[in-house]
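Below, chain A is the first sequence line, B the second, and so on; all start at residue 1.
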Number of protein chains: 2
Amino acid sequence: MEDYKQDFEQELQSNSLRLTGQRMLIYGVLWENREKHLTVEEIHSILVRRGSGISVATVYRTLALLEEHRLASRLCLDDGCVRYQLQDQLEKHEHHHLVCERCGKVIDVMSDMMDGIEQQALDEYGFQVRNHRVKLYGICKECRLKESKSDKLSML
Amino acid sequence: MEDYKQDFEQELQSNSLRLTGQRMLIYGVLWENREKHLTVEEIHSILVRRGSGISVATVYRTLALLEEHRLASRLCLDDGCVRYQLQDQLEKHEHHHLVCERCGKVIDVMSDMMDGIEQQALDEYGFQVRNHRVKLYGICKECRLKESKSDKLSML
DNA sequence: CTGGGTGCAAAAGGTTTGCAACACT
DNA sequence: AGTGTTGCAAACCTTTTGCACCCAG
């Protein structure tokens, strides 16, 4: 339970990178929010709120480091801010995201259904896929329920 | 052949928007480069190079307008700049992109292979997909050939 | 004519960088 | 001790905005 940082510590050590307090803090925030997709600004302000005088520059630098070492993955929702999430070390490549156009919720989806498309890319274009980013935009269950309810109310 | 702008003109008219010279120019550049994915900066500098004193602000405003009316689609390759491309009016939703990690080339792919994933999203999460953005990162045919050639050379 | 559209320049984000001070190893 | 890291602030880059002027309808 307390060893969640071992992947990180090991990766740093084997690359002769330093295990600093700031890096641990950032990794900790990502771990605590591993089911969420935090923006850089959110990560920074969580730490500032806790009394850490960490600078934004360090947050950016550390996140870039984590991404480079494939310990975190970057998610760009085309709304102008980049989000980060710890990357599951078991994943072959990145998972998919369902983005609700109403409430903004992001649902992670594990799926190998892209295998077919990857094969097609190779067959038809000679393109060898190494990673993919799939974002499906639509309306989540809760928002659909909410909307069908208010539709019924407005009909009265 | 000369009527490629009719979709655009019609859409403007039916929304009582004005058919200005600048809008025509921008639409023209997108049409000439319809197989490419131009950044805002590229579109702007193409026009400036041709002697048009158009401002970046207008380019941004017009592209936003085109996107809003689904005449163009925005592509965000997570490299900090947004790209635009005219949208095929027959497409159900956006097509997929194969992005080469070596040369940066972007290949468009039409495919309905996402239908399976969309059904899965609905079945498992109650999530109704309305659009999707799929980017597959990998290595294109040409770069693979080039690399295998230089591999062989370095072996000598 | 009249209001939508444009150019300009300033402002507003978000992200990067140079440099001196700091702190892991 | 030595160098990788950090904080700070300035620089950067892309995108947005306010406003006076302009032009399509």
K.L.:
Using whole Å, report how far CG of Leu63(B) lies from P of dT6(C).
P.N.:
12 Å
K.L.:
Using a 4.5 Å cut-off on heavy atoms from C-beta on, say whether the side chain of Val134(B) contacts that of His132(A).
P.N.:
no
K.L.:
Could you tell me the separation between the CG atom of Asn15(B) and the P atom of dG25(D), rounded to a whole number of Å?
P.N.:
14 Å
K.L.:
Could you check whether the side chain of Arg18(B) and the base of dG5(C) have a donor-acceptor pair of N or O atoms closer than 3.5 Å, going by distance alone?
P.N.:
no
K.L.:
Describe the nucleic acid contact of Gly53(A) in one word from base, sugar-phosphate, nothing, applying a heavy-atom distance below 4.0 Å.
P.N.:
sugar-phosphate
K.L.:
Using a cut-off of strictly less than 4.0 Å, decide whether Gln22(B) has a side-chain nitrogen or oxygen near OP1 or OP2 of dG7(C).
P.N.:
yes
K.L.:
Here's a test of your reading of the structure: between Val82(B) and Thr20(B), which maps to the more 5' nucleotide of DNA chain D?
P.N.:
Val82(B)
K.L.:
Roughly how many Å is it from OH in Tyr60(A) to P in dG7(D), rounded to a whole number?
P.N.:
15 Å
K.L.:
Taking the side chain as C-beta and beyond, is there a heavy-atom pair between His97(A) and Leu136(A) under 4.5 Å?
P.N.:
no
K.L.:
Please report, rounded to the nearest Å, how far the P atom of dC23(D) is from the CG atom of Leu25(B).
P.N.:
15 Å
K.L.:
Could you go step by step and tell me if Asn33(A) and Glu42(A) meet the side-chain hydrogen bond (donor to acceptor under 3.5 Å, both in side chains) rule?
P.N.:
CA-CA 11 Å; Asn33(A) 295 278; Glu42(A) 283 168 345; over 6 Å; no
K.L.:
From the options dT6(D), dT16(D), dG7(D), select the nucleotide whose nearest atom is closest to the side chain of Arg23(A).
P.N.:
dT6(D)
K.L.:
Are Asp108(B) and His37(B) close enough that a side-chain donor and a side-chain acceptor fall under 3.5 Å?
P.N.:
yes
K.L.:
Take Thr58(B) and Ser16(B), find for each the nucleotide of DNA chain C with the closest heavy atom, and name the residue whose nucleotide sits nearer the 5' end.
P.N.:
Ser16(B)
K.L.:
Any N or O donor-acceptor pair under 3.5 Å from the base of dT5(D) to the side chain of Arg61(A)?
P.N.:
no
K.L.:
The side chain of Leu19(A) lies closest to which of these nucleotides: dT15(C), dT25(C), dC8(D)?
P.N.:
dT25(C)
K.L.:
From CD of Gln13(A) over to P of dG4(D), roughly how many Å is that when rounded to an integer?
P.N.:
17 Å
K.L.:
Roughly how many Å is it from CZ in Arg74(A) to P in dG14(C), rounded to a whole number?
P.N.:
15 Å
